[in-house]
S.K.: 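So that we are looking at the same thing, I have put the structure below in structure tokens.
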Amino acid sequence: MKPYDHKALEAKWQKHWEEQNTFQADDASEKPKWYTLVEFPYPSGAGLHVGHVRSYAALDAVSRKKRMEGFNVLYPIGWDAFGLPTENYAIKTKIHPVVATEKNIATYKRQLKSLGLSYDWSREVNTTDPRYYKWTQWIFLQLYKKGLAYKKKMPINWCLSCKIGLANEEVVNGQCERCGGDVEKREKEQWMLAITKYADRLIKDLDTVDYLEKIKAQQINWIGRSEGAEIDFEIEGQKEKIKVFTTRPDTLFGATYFVMAPEHPLVQKMCSTAQKKEVEAYIKKCATESELARQEAKTKTGVFTGAYAINPVNKEKIPVWIADYVMMGYGTGAIMCVPAHDERDHEFAEKFKLPIVEVIEGLKNPFEKTGGKMKNSDFLNGLTTEKAIVTMIDWVEKQKIGERKINYKLRDWIFSRQRYWGEPIPIVHCDKCGEVPLPESDLPLELPEVPTYEPTDTGESPLARIEEWVNCACPTCGGKAKRETDTMPNWAGSSWYFLRYTDSHNDKAFASQKALKYWTPVDLYNGGMEHTTLHLLYSRFWHKFLYDCKLVPTSEPYKKRISHGMVLAEDGRKMSKSFGNVINPDEIVKEHGADTLRMYEMFMGPFDQAIAWDSGALMGMRRFLERIWKFFQETKFVEVCPTDDFRRVLNQSIKKVTDDLNQFKFNTAISQLMILMNAVPKEKECSIHVAKKICLILAPFAPHMAEELWGMLGHDTSLAYEKWPEVNPKFLIEDTVTYAVQINGKLRADFQTPREMGKDEVIALAKEQDKVRKYLDGGKIVKEIFVLGKIVGFVVK
RNA sequence: GCUCGGGUGGUGGAAUGGUAGACACGAGGGACUUAAAAUCCCUUGCUCCAUAUAGAGCGUGCGGGUUCAAGUCCCGCCCCGAGCACCA
């Protein structure tokens with residue numbers, strides 16, 4: 001017997017696939033198309049993670065089955081290579097990010113190839129390649145031209161000792177991750193993208209796509225649309241009015257105080273002299289606290305400003321406070337507080353002894369958002385809350401002190417980074433003409449060489465140091481101008497990469513209309529839950545924008561989105577170098593084979609749930625593959641008819657594997673393969689037709705072994721495009737069925753009958769069972785239940 | 001605090017409201033072997049009872065409810081995980 005030599009066998013088939021271009025997608029095929037997309041990896045220095053393997057192998061199985069079902073399949077891969085770790089590595093080692101990236105990509109590529117994934121490597125993209133980011137910059141220019149890219153002062157995290165801006169991720173407990181120094185917020189001009197203009201469509205169009213419900217829910221909550229009213233409050237002794245956003249204008253009569261965000265620009269101006277010191281101290285304290293710390297604060301804090309607002313409905317004076325539970329970034333940065341009917345307001349009012357006035361009655365719990373009737377509310381009294389909201393909005397609009405308003409949690413996308421390793425923003429600043437976009441013919445605007453990758457002391461990107469790059473001629477007037485030195489975030493390149501795969505070598509357009517029309521939208525997109533509210537939303541936004549420019553054929557980029565769970569270490573924690581619990585896929589491939597690794601990761605648990613690594617279970621999968629190997633080695637394949645029982649299991653298996661792959665239930669698909677192999681004839685003789693079918697349904701999971709076995713059955717070509725086996729429903733049905741008998745809901749017996757036996761006969765037979773009789777004796781049957789092929793039930797008194 | 005998940009044997013997990021624990025891992029026993037590994041076969045939710053093939057009870061985080069029947073549906077909790085921008 002030939003041993004199962006996974007190394008030789010996997011190398012052989014990987015070479016074969018590569019030489020034959022087996023998985024190259026055809027741009028001009030008669031077949032229906034299928035586009036499977038997996039989030040392209042960031043090529044980190046650490047190499048491929050077993051978590052990548054989980055989703056790539058699973059989606060590979062789907063893609064392979066689709067090919068066998070007659071689809072022209074596109075399953076591409078590339079590199080999302082701009083990013084902080086590479087840049088920080090460059091700062092530390094002086095190794096150019098281009099060099100480090102190249103090296104990391106080479107490693108990833110070798111690792112992915114060792115897994116035998118059926119990628120079309122001819123379409124590989126790399127976001128840091130100027131031929132790619134030319135088009136990222138081009139799309140930015142289109143956004144700019146449509147007014148969706150603009151500059152705005154925004155607070156950034158500023159490390160006082162490193163003198164650079166930090167990403168949120170680099171701020172740990174209010175301190176700089178690299179030097180441990182203090183971090184404060186600083187205002188800086190930033191490029192912004194107006195994603196909020198698409199907020200409504202980003203919610204509404206979710207109805208047209210097939211995403212996991214939890215993904216839709218998370219996006220909807222993130223966008224956070226809420227309807228309400230914006231109402232002006234006069235401040236005693238001040239000219240300026242302060243706008244408030246509320247979703248509950250019906251409760252206006254219950255507003256007994258007023259709170260502003262500490263950062264609100266009018267706070268300093270209106271606070272009384274007596275309170276000034278206290279207010280300033282509080283503002284200062286809040287400025288040093290991160291938003292995370294603000295959230296984690298268990299008890300409410302706040303300071304009275306000494307000012308009073310006038311409640312517009314009853315002209316009552318209500319005190320104005322500042323408190324960190326009100327955020328400047330949402331609504332207007334000021335709220336009216338109704339402590340009787342809002343939990344947070346209530347807690348605040350209790351702590352600071354502020355008055356509480358109930359205005360709704362008939363609620364089970366005073367903080368319920370619906371139901372009840374108005375009281376203590378003048379012209380609203382007796383109305384339902386729903387009616388009162390409408391009435392109050394009409395009233396404020398008539399009084400011209402406010403208006404209906406829709407607010408979103410979603411904020412515009414901060415698109416600037418003061419970093420080196422990103423796409424340069426193609427804008428110049430001319431003394432005469434102001435902000436001028438680069439002509440498209442000047443793209444790509446390439447990253448210049450820099451002597452050092454650290455941001456400058458002023459917080460500008462290292463590009464600012466390269467004078468010969470920064471100083472340029474204005475494209476409009478030819479006069480002196482300076483280039484924008486901010487770069488784009490790494491979300492830019494990933495917002496459209498799936499479009500590039502359709503036509504990745506095009507140098508006239510980001511992709512041809514023909515290719516886009518044929519391949520898009522993506523039929524199936526898989527990625528981590530952590531990208532739901534950033535990457536996934538950003539790319540939907542860009543796509544909608546491109547659609548509005550008539551540059552892509554559909555308004556949504558992805559038809560279906562699923563998501564995989566994390567692969568944790570054997571100890572249940574995240575895999576991390578510092579814990580020393582990282583599993584390296586290279587070692588597993590070397591020791592046990594790619595097929596074993598792929599199948600193990602698909603079998604380990606439900607695809608969308610987190611799961612811990614288990615080396616024992618990995619060995620179990622290796623044993624299973626060896627059992628298949630042995631069966632094919634030791635069995636003679638001949639023209640015989642399989643037994644009815646085995647033929648039934650085979651057909652059930654084809655059905656189960658097909659259905660489960662369609663539903664991404666990889667674990668149960670593999671259990672069914674195990675059930676099938678447990679049922680295989682032991683007589684060393686088996687029908688060759690059956691053996692072929694086993695090969696075919698194994699192929700998506702363990703492609704190398706399946707190809708080899710296929711060859712052993714007398715084929716000299718790959719099975720990648722062989723027809724996926726069909727189920728013969730005739731063979732699924734068993735002749736006898738087992739009925740369970742329940743008496744008063746408890747299982748008491750079971751018995752077998754021929755499948756076709758009718759209801760009355762089955763019930764009669766059930767009553768005759770010894771065990772059943774025991775329970776029926778002396779009682780009266782008040783109800784009989786019959787479920788065909790499954791259950792007979794009696795209710796006995 | 002908010003949002004989204006999850007809680008089933010020793011472990012990972014199966015289960016259109018219809019026989020809970022499929023399939024694996026682990027463990028125990030046996031066969032083969034000078035021996036070990038590998039392989040093959042058997043047992044394996046818990047408790048009670050028993051010479052026993054049998055039998056009885058309990059069991060899907062907790063407490064209620066709907067139903068002939070609930071892991072699954074409804075109400076109220078507890079715990080664990082992930083994410084977050086206290087979203088008015």
Side-chain angles (χ1 to χ4, degrees), chain A residues 168 212-218 220-222 224-226 228 244-248 251 259 261 290-292 294-298 300 323-338 341-345 347-348 369 407-411 528-530 532-533 563 565-566 568 572 574 600 603-606 608-621 623-624 626-627 630 665 667-678 682 738-750 771 781-796:
Chain A
N168 280 336
L212 284 185
E213 279 310 314
K214 63 175 175 181
I215 295 175
K216 285 191 186 183
Q218 210 170 306
I220 290 168
N221 289 335
W222 184 263
R225 182 182 199 275
S226 55
V244 147
F245 173 71
T246 176
T247 53
R248 297 298 303 276
T251 61
V259 175
S290 72
E291 285 190 350
L292 204 77
R294 270 189 177 195
Q295 287 162 48
E296 277 164 2
K298 287 278 182 306
K300 296 265 175 295
D324 63 2
Y325 79 97
V326 174
M327 300 285 160
M328 198 55 222
Y330 181 76
T332 60
I335 60 171
M336 64 175 218
C337 299
V338 185
H341 301 291
D342 181 283
E343 239 171 324
R344 278 164 307 135
D345 295 348
E347 197 191 316
F348 193 86
K369 302 237 184 294
N407 244 320
Y408 300 94
K409 279 202 270 180
L410 184 72
R411 298 171 192 173
M529 270 317 275
E530 70 275 19
T532 304
T533 51
S563 152
M566 258 194 293
L568 302 170
K574 270 192 191 174
Y600 163 64
F603 182 63
M604 66 199 303
D608 62 347
Q609 270 169 47
I611 192 110
W613 190 263
D614 178 350
S615 347
L618 175 80
M619 293 307 297
M621 189 52 71
R623 280 203 292 271
F624 175 60
E626 277 180 8
R627 247 177 40 233
K630 203 169 140 199
K665 290 159 78 173
N667 54 335
T668 50
I670 291 172
S671 337
Q672 187 63 42
L673 290 176
M674 291 172 171
I675 292 169
L676 175 63
M677 290 315 293
N678 287 342
K682 309 273 185 269
T738 306
Y739 277 95
V741 186
Q742 291 182 342
I743 294 158
N744 293 338
K746 276 197 184 284
L747 178 71
R748 292 302 180 186
D750 56 35
K771 292 176 200 166
I781 298 175
V782 295
K783 193 170 179 182
E784 292 176 351
I785 296 113
F786 176 77
V787 181
L788 182 65
K790 280 186 176 157
I791 296 278
V792 178
F794 298 110
V795 184
V796 181

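What's counted below: heavy atoms across the whole structure, side chains too, no hydrogens, waters or symmetry copies. Lettering of chains follows the sequences in order, A, B, ..., and the numbering in each one begins at 1.
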S.K.: If you measure from OG1 on A/Thr532 to CG on A/Asn221, what distance do you get to the nearest 0.5 Å?
M.R.: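 Taking OG1 in A/Thr532 and CG in A/Asn221, the distance rounds to 11.5 Å.
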
S.K.: Rounded to the nearest Å, what distance is computed from the CD1 atom of residue A/Ile791 to the P atom of nucleotide B/G17?
M.R.: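 The answer, rounded to whole Å, is 15 Å.
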
S.K.: Separation of A/Met619 atom CE from B/G26 atom P, in whole Å?
M.R.: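 Answer to the nearest Å: 9 Å.
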
S.K.: With a 4.0 Å cutoff (strictly under), does any side-chain N or O of A/Lys771 reach OP1 or OP2 of B/G55?
M.R.: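 Yes.
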
S.K.: What's the base orientation of B/G9: syn (chi within 90° of 0) or anti?
M.R.: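 Classified syn.
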
S.K.: Considering Watson-Crick and G-U wobble pairs with both distances under 3.5 Å, what does B/C4 pair with?
M.R.: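 By the stated definition (distances under 3.5 Å), B/G81 pairs with B/C4.
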
S.K.: Hunt down the Watson-Crick or G-U wobble partner of B/G45, both distances under 3.5 Å, from any strand shown, or write none.
M.R.: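 Its partner is B/C58 (Watson-Crick or G-U wobble, both distances under 3.5 Å).
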
S.K.: Quick one: does A/Tyr739's side chain have a donor or acceptor within less than 3.5 Å of a partner on A/Gly789's backbone?
M.R.: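 It does hold such a pair.
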
S.K.: Determine which nucleotide pairs with B/G63, using a 3.5 Å limit on both distances of a Watson-Crick or G-U wobble pair.
M.R.: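 Its partner is B/C75.
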
S.K.: Between atom CZ of A/Phe624 and atom CD1 of A/Ile670, what is the distance when rounded to the nearest 0.5 Å?
M.R.: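 Between atom CZ of A/Phe624 and atom CD1 of A/Ile670 there are 8.0 Å.
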
S.K.: Please determine, for B/C86, whether a Watson-Crick or G-U wobble partner exists with both distances under 3.5 Å, and give it or none.
M.R.: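 Base-paired to nothing in any strand shown.
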
S.K.: Classify the nucleic acid contact of A/Lys790 as base, sugar-phosphate or nothing, counting any heavy atom under 4.0 Å across all strands shown.
M.R.: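 Contact class for A/Lys790: base.
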
S.K.: Tell me whether the OP1 or OP2 atom of B/C4 has a side-chain N or O from A/Thr532 closer than 4.0 Å.
M.R.: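 False: A/Thr532 side-chain N/O out of range (4.0 Å or more) of B/C4 OP1/OP2.
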
S.K.: Does B/G9 pair with anything, Watson-Crick or G-U wobble, both distances under 3.5 Å, and if so, with which nucleotide?
M.R.: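 Base partner found: none.
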
S.K.: Indicate whether OP1 or OP2 belonging to B/A70 is found under 4.0 Å from a side-chain N or O atom of A/Lys746.
M.R.: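 No, no such contact exists.
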
S.K.: Let me know, please, whether A/Met566 or A/Asn221 comes out on the 5' side of the other along RNA chain B by nearest nucleotide.
M.R.: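 The residue mapped nearer the 5' terminus is A/Asn221.
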
S.K.: Hey, does the side chain of A/Asn744 reach the backbone of A/Val796 with a donor-acceptor pair shorter than 3.5 angstrom?
M.R.: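 Yes.
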
S.K.: Below 4.0 angstrom from OP1 or OP2 of B/G26, is there any side-chain N or O of A/Arg623?
M.R.: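 It does, given that an N or O in the side chain of A/Arg623 lies less than 4.0 Å from OP1 or OP2 of B/G26.
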
S.K.: What is the nucleic acid contact for A/Phe624, judged by heavy atoms within less than 4.0 Å: base, sugar-phosphate only, or nothing?
M.R.: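 If one applies the 4.0 Å heavy-atom cut-off, A/Phe624 turns out to touch nothing in the nucleic acid.
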
S.K.: For a quick check of understanding: with a heavy-atom distance under 4.0 Å over all strands, which category does A/Gly224 fall into, base, sugar-phosphate or nothing?
M.R.: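 It contacts nothing in the nucleic acid.
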
S.K.: Whole-Å distance between B/C86 P and A/Lys409 NZ?
M.R.: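 To the nearest whole Å, that distance equals 10 Å.
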
S.K.: Is a donor-acceptor contact shorter than 3.5 angstrom present between the side chain of A/Gln609 and the base of B/G5?
M.R.: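 Flag unset: no donor-acceptor pair detected.
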
S.K.: Choose from B/C23, B/C4, B/G13 the nucleotide whose nearest atom is closest to any side-chain atom of A/Pro606.
M.R.: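 Looking only at heavy atoms from C-beta outward on A/Pro606, the closest nucleotide is B/G13.
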
S.K.: Output the distance between atom NZ (A/Lys409) and atom CE (A/Met327), rounded to the nearest 0.5 Å.
M.R.: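 Output value for this atom pair is 12.5 Å.
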
S.K.: Only pairs with both distances under 3.5 Å count, Watson-Crick or wobble alike; so what is the partner of B/U39 in this structure?
M.R.: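 When the pairing criteria are applied, B/A31 turns out to be the nucleotide that pairs with B/U39.
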
S.K.: Nearest whole angstrom, please: distance from the P of B/C86 to the OH of A/Tyr330.
M.R.: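 From A/Tyr330 OH to B/C86 P: 12 Å.
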
S.K.: Heavy atoms under 4.0 Å, any strand shown: does A/Lys216 hit a base, just sugar-phosphate, or nothing?
M.R.: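 Nothing: the residue A/Lys216, judged by heavy atoms under 4.0 Å, touches no strand.
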
S.K.: For B/C23, does OP1 or OP2 lie under 4.0 Å from any side-chain N or O of A/Asn667?
M.R.: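 Answer is no, no contact under 4.0 Å.
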
S.K.: Can you measure A/Arg748 atom CZ to B/A69 atom P for me and round it to whole angstrom units?
M.R.: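 The answer, rounded to whole Å, is 14 Å.
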
S.K.: Under 4.0 Å, counting only non-hydrogen atoms across every strand here, what does A/Arg627 touch: a base, just sugar-phosphate, or nothing?
M.R.: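 Since only primed, P, OP1 and OP2 atoms lie under 4.0 Å of A/Arg627, the category is sugar-phosphate.
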
S.K.: Considering only B/A20, B/U39, B/C23, which nucleotide approaches the side chain of A/Leu747 most closely?
M.R.: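 Shortest atom-to-atom distance from the side chain points to B/A20.
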
S.K.: Mind checking who B/G17 pairs with, Watson-Crick or G-U wobble, both distances under 3.5 Å?
M.R.: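 When the pairing criteria are applied, nothing turns out to pair with B/G17, so the answer is none.
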
S.K.: Could you give the distance separating B/C62 and B/U11 at their P atoms, to the nearest angstrom?
M.R.: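 Per the computed distance, 15 Å lies between those P atoms.
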
S.K.: Using the C1' atoms only, state how far B/G9 lies from B/G59, rounded to an integer number of Å.
M.R.: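 Approximately 10 Å lies between the C1' atom of B/G59 and that of B/G9.
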
S.K.: Tell me: CE of A/Met674 to C1' of B/C23, nearest whole Å?
M.R.: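 Taking atom C1' of B/C23 as the reference, CE of A/Met674 is at 7 Å.
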
S.K.: B/A70 pairs with which nucleotide, Watson-Crick or G-U wobble, both distances below 3.5 Å?
M.R.: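 Base-paired to nothing in any strand shown.
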
S.K.: Considering every strand and a 4.0 Å limit on heavy-atom distances, what is the contact class for A/Gly793: base, sugar-phosphate, or nothing?
M.R.: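 The residue A/Gly793 makes no contact with any strand.
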
S.K.: What distance separates A/Ile220 CD1 from A/Thr533 OG1, expressed to the nearest 0.5 Å?
M.R.: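 A/Ile220 CD1 to A/Thr533 OG1: 13.5 Å, rounded to 0.5 Å.
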
S.K.: Look at the side chain of A/Thr247 and decide which nucleotide, out of B/A88, B/C4, B/A15, has an atom nearest to it.
M.R.: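 So the nucleotide nearest the side chain must be B/A88.
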
S.K.: Counting side-chain heavy atoms from C-beta on, which of B/C87, B/C84, B/A24 comes nearest to A/Asn678?
M.R.: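 Nearest to the side chain of A/Asn678 among the choices is B/A24.
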
S.K.: Both A/Ala334 and A/Gly620 contact RNA chain B. Which one's nearest nucleotide lies toward the 5' end?
M.R.: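 It is A/Gly620, whose closest nucleotide lies nearer the 5' terminus.
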
S.K.: Return the orientation label for the A/Trp613 and A/Tyr600 ring planes: parallel under 30°, perpendicular over 60°, tilted otherwise.
M.R.: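 Ring orientation, 0 to 90° scale: perpendicular.
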
S.K.: What does A/Tyr739 touch in the nucleic acid at a heavy-atom separation under 4.0 angstrom: a base, only the sugar-phosphate, or nothing?
M.R.: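 No contact at all - A/Tyr739 keeps every heavy atom at 4.0 Å or more from the nucleic acid.
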
S.K.: Hey, does A/Ile335 reach any base, or is it just sugar-phosphate, or nothing, if we go heavy atoms under 4.0 Å?
M.R.: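 Contact class for A/Ile335: base.
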
S.K.: Could you state the atom-to-atom distance from CZ of A/Arg411 to P of B/C87 in whole Å?
M.R.: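 So the CZ-P distance, A/Arg411 to B/C87, works out to 11 Å.
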
S.K.: Mind calculating the distance between CG (A/Asp608) and P (B/G5) to the nearest angstrom?
M.R.: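 Between P of B/G5 and CG of A/Asp608: 11 Å.
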
S.K.: Checking all strands, does A/Ile611 fall into the base, sugar-phosphate, or nothing category for heavy-atom contacts under 4.0 angstrom?
M.R.: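 Sugar-phosphate contact only.
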
